[in-house]
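This report refers to the structure that appears directly beneath it.
By convention in this document, chain letters (A, B, ...) are assigned in the order of the sequence lines, proteins followed by strands, and residues within each chain are numbered from 1.
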Protein chains: 2
Amino acid sequence: MPPTPGPPEGKRPTLADVAARAGVSVALVSIVMRGAKGAGAGTRERVLEAAREIGYRPDARARLLRSNRSRLLGVQFGLQHPFHADLVEGVYAAAEPAGYQIALSAVAPSRGERHAVESLLGDRCEALILLGPQAPAPRLAELAAQLPVVSVARRLRPAVPGVDVVRTADDEGARQAVDHLVSLGHRDIVHIDGGRAPGAADRRRGYRTAMNHHGLGDRTRVLPGGLTEEDGAAAVRSLLGDGPRPTAVVAFNDRCATGVLDVLLRARVAVPGEMSVVGFDDSHLARLAHISLTTVGQDVRRLAELAVGRAVERVEGDGAAASGKETVIAPRLVVRGTTGGIQP
Amino acid sequence: MPPTPGPPEGKRPTLADVAARAGVSVALVSIVMRGAKGAGAGTRERVLEAAREIGYRPDARARLLRSNRSRLLGVQFGLQHPFHADLVEGVYAAAEPAGYQIALSAVAPSRGERHAVESLLGDRCEALILLGPQAPAPRLAELAAQLPVVSVARRLRPAVPGVDVVRTADDEGARQAVDHLVSLGHRDIVHIDGGRAPGAADRRRGYRTAMNHHGLGDRTRVLPGGLTEEDGAAAVRSLLGDGPRPTAVVAFNDRCATGVLDVLLRARVAVPGEMSVVGFDDSHLARLAHISLTTVGQDVRRLAELAVGRAVERVEGDGAAASGKETVIAPRLVVRGTTGGIQP
DNA sequence: ACCCGGGACTAGAACGTTCTAGCGCCCGTG
DNA sequence: CACGGGCGCTAGAACGTTCTAGTCCCGGGT
């Protein structure tokens, strides 16, 4: 008969096992485990020791089940988007200090947003953080009726009640790109857009108004693009074929811009000698020394922080701020090697 | 007094609410909700109707808590790896039909593997699927003592008891690349390796033995590389500087190969005219028309299926197969535009 | 001497589900 | 007519945790 009971065979140890081993009640072990006050120093030590010995690990699910607070934020993200990957990392980092956990749910070609969100709801998340959601506004409204929802990088026009928005000022970003190019002497600047992607409409608009503002309205030219390298490549290929070439391209994002660069290189079009290229996002891609892409940076870290902040605020507030708030953060042009003065 | 009780205010509806509304017992509603048999057709209909009306949604956590089976597979993946993204998608697809759910946990610069795994364990996963884990073997063994563990794409030498491995035959893949190049007339073939990345050692070895096999042992040349575009770019840059150039490069993976291509393009080295390039993974990147990279394809779909299969097998078996099994699947060379006959 | 406050600890009820019994009922069989 | 057996359904106990409402004891103020 050992003085201290051993761990149960083949099952994960529970609070009760720790309690038995330490010779105290289950409730006290619970107190110790979550660091609440109400336990003496000596006992606390003894309990922790016992827990360590039998390899106790709290059951997140049981814990959540009991406390009506789950302290869980559901994050939906696109598996194939490097930009989302950066955001997710930021969200992890921001959630931890706020005392929240993250449940990830991926969207992929074979797994739609509906599916992704359903799974998060089933996990009893307290709020939803949707990265670049494509779902129609009514669907978002429906979700917002159930729990706080934050849309990141997707603007909602008109605002959907109950859905907070955190995004970069996409139009402003496009404007900065155009301004930069104009200041370098460019006048024939085309935009390869992102189609229906979140943010695409704003960037398009920003490009147009900036062109007008510089009196280049008649030189405005938007090519249908998309968010992959392939889209950028296709668009710029069409550009090289016909008549007079522009001297600069503002691409929807960095991936798109990379496709543009690649085609230009193959066609022996010097960058930035003959053509300047600007991307968007300032992703890892853009920073690579051999690409060295001039791009419009989004402050991913801050975007993530704000998204978590909004969500937590909503969860902890008494639902007072019912109408959707929009937070817009400023983009910042990062000049690298793919833009330069126009050749005489 | 309404004939049917309404949903409770401000709380998510539970089984009890549905039961009250449909006028049946909680247990019966449970039966209906999980599609078990034991309910009459009429009642079933009535219960479903009631559930729909008040917007009932099962609580995954309570469900898991009660049934000792959680039917949950924990997946650890690298946020920044496109290859992992593909794998995750495959895992989702494979888990669904097997009746399992997926809990994702990301590894990022700011969030180590330890952290990622801890969180999965807290979720009471039944098995762990680790994509390209970097953790030391003893750590894996420790985990395997607690639950089934499958390592994907990382070979374990020597085998770790209790850890199943699912991977592509990396050495064979490298061999195929070399064979292909040799058959095109190449003799000076260098390898840009992946350093300590999972699979790198095998690819390196495969390259070496293939070179030897063709009697090119004295021309063997391995350059330190890595798994990003930047690594490939740096390696090939060093290559262009000094003495005699090789005529072909086998890169560690597609990202690395892309970096190589980019530098070559800029240096006006014709591909495949002056130099051929082979990648590894057959990722989206390689398939892009403007890159059109010859590469060694990994069957991601199958890799994912097998990983899930192994995990499920272990979970459902009575732990009979205690020793770690290794499943190796064959790679397959995909010839595209970056390889060609040697210039006379 | 008495009460009162508070710290350390405990018993037992939740949380929302599934599981194990077991209850009536109707039907077919002997 | 009794008996067994399936079907439709229900009551109540789990699961592992947290929360509520104590109990007990000790020290200090009246």
Side-chain angles (χ1 to χ4, degrees), chain A residues 7-8 10-48 50-51 54-72 99 101 121-126, chain B residues 7-8 10-48 50-51 54-72 99 101 121-126:
Chain A
K11 295 192 56 172
R12 298 177 65 144
T14 93
L15 276 189
D17 300 319
V18 180
R21 176 166 256 254
V24 295
S25 76
V26 174
L28 185 57
V29 179
S30 170
I31 287 173
V32 172
M33 289 326 275
R34 72 199 127 100
K37 61 179 173 185
T43 329
R44 191 175 289 271
E45 206 48 54
R46 201 151 38 88
V47 168
L48 288 175
I54 66 177
Y56 168 77
R57 181 187 310 280
D59 183 329
R61 311 197 114 87
R63 175 173 279 182
L64 297 184
L65 174 58
R66 169 56 211 189
S67 49
N68 32 24
R69 297 293 320 275
S70 79
R71 306 195 77 84
L72 196 61
Q101 286 202 306
L121 290 179
D123 283 347
R124 285 286 192 269
C125 294
E126 294 193 60
Chain B
K11 297 193 51 172
R12 299 179 64 147
T14 86
L15 276 189
D17 301 316
V18 180
R21 177 165 255 255
V24 295
S25 76
V26 174
L28 186 57
V29 178
S30 169
I31 287 173
V32 172
M33 289 326 276
R34 71 199 127 102
K37 60 180 175 184
T43 329
R44 191 175 290 267
E45 204 50 54
R46 202 151 38 88
V47 168
L48 288 175
I54 66 177
Y56 169 77
R57 180 187 311 281
D59 183 329
R61 312 197 113 84
R63 177 173 279 183
L64 296 184
L65 174 58
R66 170 54 212 188
S67 47
N68 32 24
R69 298 293 319 273
S70 79
R71 306 195 76 85
L72 195 61
Q101 287 202 305
L121 289 179
D123 283 347
R124 286 287 192 267
C125 294
E126 295 194 59

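Under the side-chain contact (heavy atoms from CB on, under 4.5 Å) criterion, B:Ser25 pairs with B:Ala27, B:Leu28, not counting sequence neighbours. Not counting sequence neighbours, A:Asp123 has no partner by the side-chain hydrogen bond (donor to acceptor under 3.5 Å, both in side chains) test.
Put simply, NZ on B:Lys37 is 11 Å from C1' on D:dG6, counting in whole angstrom units.
If you take CZ on B:Arg71 and CD on B:Glu126, they are separated by 7.0 Å, rounding to the nearest 0.5 Å.
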Footprint string (nucleotides 12-19 of chain C, 5' to 3'): B base within contact, S backbone only, - free, heavy atoms under 4.0 Å: --BBBBBB
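Of all heavy-atom pairs between B:Ala62 and A:Leu65, the closest is CB-CD1, 3.8 Å.
A donor-acceptor contact under 3.5 angstrom links the side chains of B:Ser30 and B:Arg34, judged on distance only.
Contacts of B:Gly40 with the nucleic acid, taken as non-hydrogen atoms under 4.0 Å apart, involve only primed sugar atoms and P, OP1 or OP2.
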